[in-house]
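Step one of this worksheet: look at the structure below.
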Amino acid sequence: MTSINYSEKQHLLDKLALLISSKDINKAINLLTNNDNAKVYDAAIQQGVVGLIQQNIKNTTATPELIEQLNSYQNNYKILNNFVDNEATNVLKKLKKEQIDVVVLKGFSLAQQVYSEPSLRPKTDIDILIRVEDKDKIKNIFESLGYSNPRGWEPKAIINQFSYKKTLGKGINVYFDIHLKISNSKKIENILNYNELLKSANTTTNKDINLINLPHALTHAVFHLLGHKASGDLVKLIWYYDIFLLIQNINEQKEQELINLISSTGLANLMTHTLTLTSQYFPSDKLTLLTKKIAKLPFDSNYDYLLDNTYGVKELWLTLKASNSLKERINVMRETMFPPPVEIYAKYGKHTKWPLSMLYLRRIIMGGFKCLIPTKKGKS
């Protein structure tokens, strides 16, 4: 994105949200004519909302150059998305054929369930939750299909997932993130488990594929978004729109399931906070009413750490505190501070002139320095 300051970024995100959801075409036209088109285009790509904006304004006469850019980008993405989705679907059906049940999470699942077209919900990977006992079988299947580990090693203490990648052609890569637990945060990793997600999964939208159902998807979307926000990562506008669409698609029965789920998990405070943030970008009566209902539910304050910053040393300290044994804490420290050289070279480059020992020291110092930098508070 073109370099802009914090307040300009917030103003731009507000404009993007209107371009996505406004039913007033003239208002959208005025937004485009009064704004820097290059910033709108760059931000739309970064925030994952090109397709949504293109769909909403494609029939207007506003700034033809920008509309042409959006059309070109989205048309190219549709082609790429078709390749990725077809490959992902084949892999998921292969797992099912081998009698291995997985639950599909996040982007792929949301694209299938709450978006009018799957290509409107961009994704960088396909996230699946597996039964831990199936891990070795799943690895063998992925490797037999031509997938390999893009990271070069597999952390076991700092994250609850591993990855596989396959190149279909020039610039076309398929990534799977394979989760052993619902979150990498140790304080919340067991809040939704494999058995309950599999039992409640949506199996009607796409035969032979278990998609996380809407109440669980909304719950997951909330602590996934807050986890990235607390870590100081980019929080994409598309994640807020996911939450907005999930709420719009939840019927009365599913809403009651959601209420029961939030009550049992103690996530009411996190949910209320995130829905309030979402309403600033994508307001709706249904969202407001649901927020009021959830705000009345009891909540577990142990999860409120996700409403603060957790990056750098603080994040490491929270992980160590939540670890169950001394051995686990030692492994967390080792993988965080002294991962294999392949991880260091992936971060700093293979051809750096720094010796490996200095790169490790640099990693430790920069990690500590990051936690001292204050973050701006705001909607994103």
Side-chain angles (χ1 to χ4, degrees), residues 1-84 106-107 110-111 115-125 169-173 175 225 228-229 231-245 277-283 349 370 373-380:
M1 182 187 292
T2 306
S3 178
I4 55 178
N5 64 35
Y6 179 76
S7 62
E8 287 177 327
K9 177 185 174 184
Q10 290 303 314
H11 190 53
L12 183 55
L13 289 177
D14 290 336
K15 286 179 178 272
L16 290 178
L18 283 172
L19 289 172
I20 291 167
S21 59
S22 176
K23 303 302 179 185
D24 186 342
I25 299 301
N26 290 326
K27 191 173 187 179
I29 291 173
N30 290 333
L31 284 173
L32 289 173
T33 54
N34 293 325
N35 198 42
D36 181 345
N37 288 347
K39 288 182 179 179
V40 169
Y41 180 68
D42 289 347
I45 294 173
Q46 184 189 48
Q47 299 294 327
V49 296
V50 171
L52 294 171
I53 293 175
Q54 183 260 353
Q55 183 186 58
N56 199 34
I57 69 170
K58 63 183 178 182
N59 294 322
T60 74
T61 58
T63 53
E65 182 180 345
L66 175 60
I67 292 177
E68 184 178 348
Q69 285 182 303
L70 295 173
N71 286 342
S72 177
Y73 183 95
Q74 187 61 15
N75 289 337
N76 289 333
Y77 179 76
K78 280 184 179 180
I79 296 171
L80 174 64
N81 185 72
N82 285 339
F83 279 110
V84 173
K106 295 166 63 174
L110 294 171
Y115 283 83
S116 58
E117 300 175 22
S119 61
L120 293 177
R121 183 26 169 108
K123 53 191 174 296
T124 55
D125 47 41
K170 186 176 180 181
I172 306 177
N173 298 302
Y175 292 88
L225 183 152
H228 279 281
K229 192 171 188 293
S231 295
D233 301 332
L234 171 69
V235 176
K236 296 183 180 182
L237 193 60
I238 192 69
W239 296 350
Y240 288 109
Y241 196 69
D242 288 342
I243 292 169
F244 169 78
L245 281 186
L277 292 177
T278 301
S279 68
Q280 295 177 56
Y281 292 120
F282 305 108
K370 183 181 176 183
I373 302 175
T375 56
K376 293 273 191 177
K377 297 293 182 182
K379 289 185 290 187
S380 71

Does the side chain of [Y] come within less than 4.5 Å of [X]'s, by heavy atoms?
X    : Y    : answer
L277 : I243 : no
F282 : L245 : no
V50  : Y77  : no
L16  : I53  : yes
K15  : V40  : no

Distance check, rounded to the nearest 0.5 Å: [X] atom [atom1] versus [Y] atom [atom2]?
X    : Y    : atom1 : atom2 : result
K58  : Q74  : NZ    : CD    : 9.5 Å
T124 : N173 : OG1   : CG    : 11.5 Å
L234 : Q47  : CG    : CD    : 5.5 Å
I20  : I57  : CD1   : CD1   : 10.5 Å
L66  : Q54  : CG    : CD    : 10.5 Å
L13  : Q280 : CG    : CD    : 11.5 Å

Provide the closest heavy-atom pair for [X] versus [Y] in the form atom of the first, atom of the second, distance.
X    : Y    : value
A111 : P118 : CB-O, 3.6 Å
L12  : K39  : CD2-O, 3.8 Å
G48  : P122 : O-CG, 3.2 Å

Please test N81 against K123 for side chain to side chain contact (heavy atoms under 4.5 Å, CB included), starting from the C-alpha separation and ending with a verdict.
CA-CA 9 Å; N81 185 72; K123 53 191 174 296; 2.8 Å; yes
What class does the angle between the rings of Y241 and Y115 fall in, given that below 30° is parallel, 30 to 60° is tilted and above 60° is perpendicular?
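Rings of Y241 and Y115: tilted, as their planes differ by 30° to 60°.
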Start with the C-alpha distance between V84 and Y175, add both sets of side-chain angles, then the distance that settles side chain to side chain contact (heavy atoms under 4.5 Å, CB included), and finish with yes or no.
CA-CA 9 Å; V84 173; Y175 292 88; over 6 Å; no
R121 vs D242, test: salt bridge (charged side-chain N to carboxylate O under 4.0 Å, His left out). Steps then yes/no.
CA-CA 9 Å; R121 183 26 169 108; D242 288 342; 2.7 Å; yes
Report the C-alpha separation of N56 and L19 in whole Å, then their side-chain angles, then the decisive distance to 0.1 Å, and conclude whether the side chain to side chain contact (heavy atoms under 4.5 Å, CB included) test is met.
CA-CA 7 Å; N56 199 34; L19 289 172; 5.6 Å; no
Excluding sequence neighbours, so at least two apart, what forms side-chain contact (heavy atoms from CB on, under 4.5 Å) with E117?
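If we apply the side-chain contact (heavy atoms from CB on, under 4.5 Å) test to E117, skipping adjacent residues, the hits are Q55, K78, S119, L120.
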Mind checking what makes side-chain contact (heavy atoms from CB on, under 4.5 Å) contact with S22, not counting sequence neighbours?
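Checked S22 against side-chain contact (heavy atoms from CB on, under 4.5 Å); matches are D24, K27.
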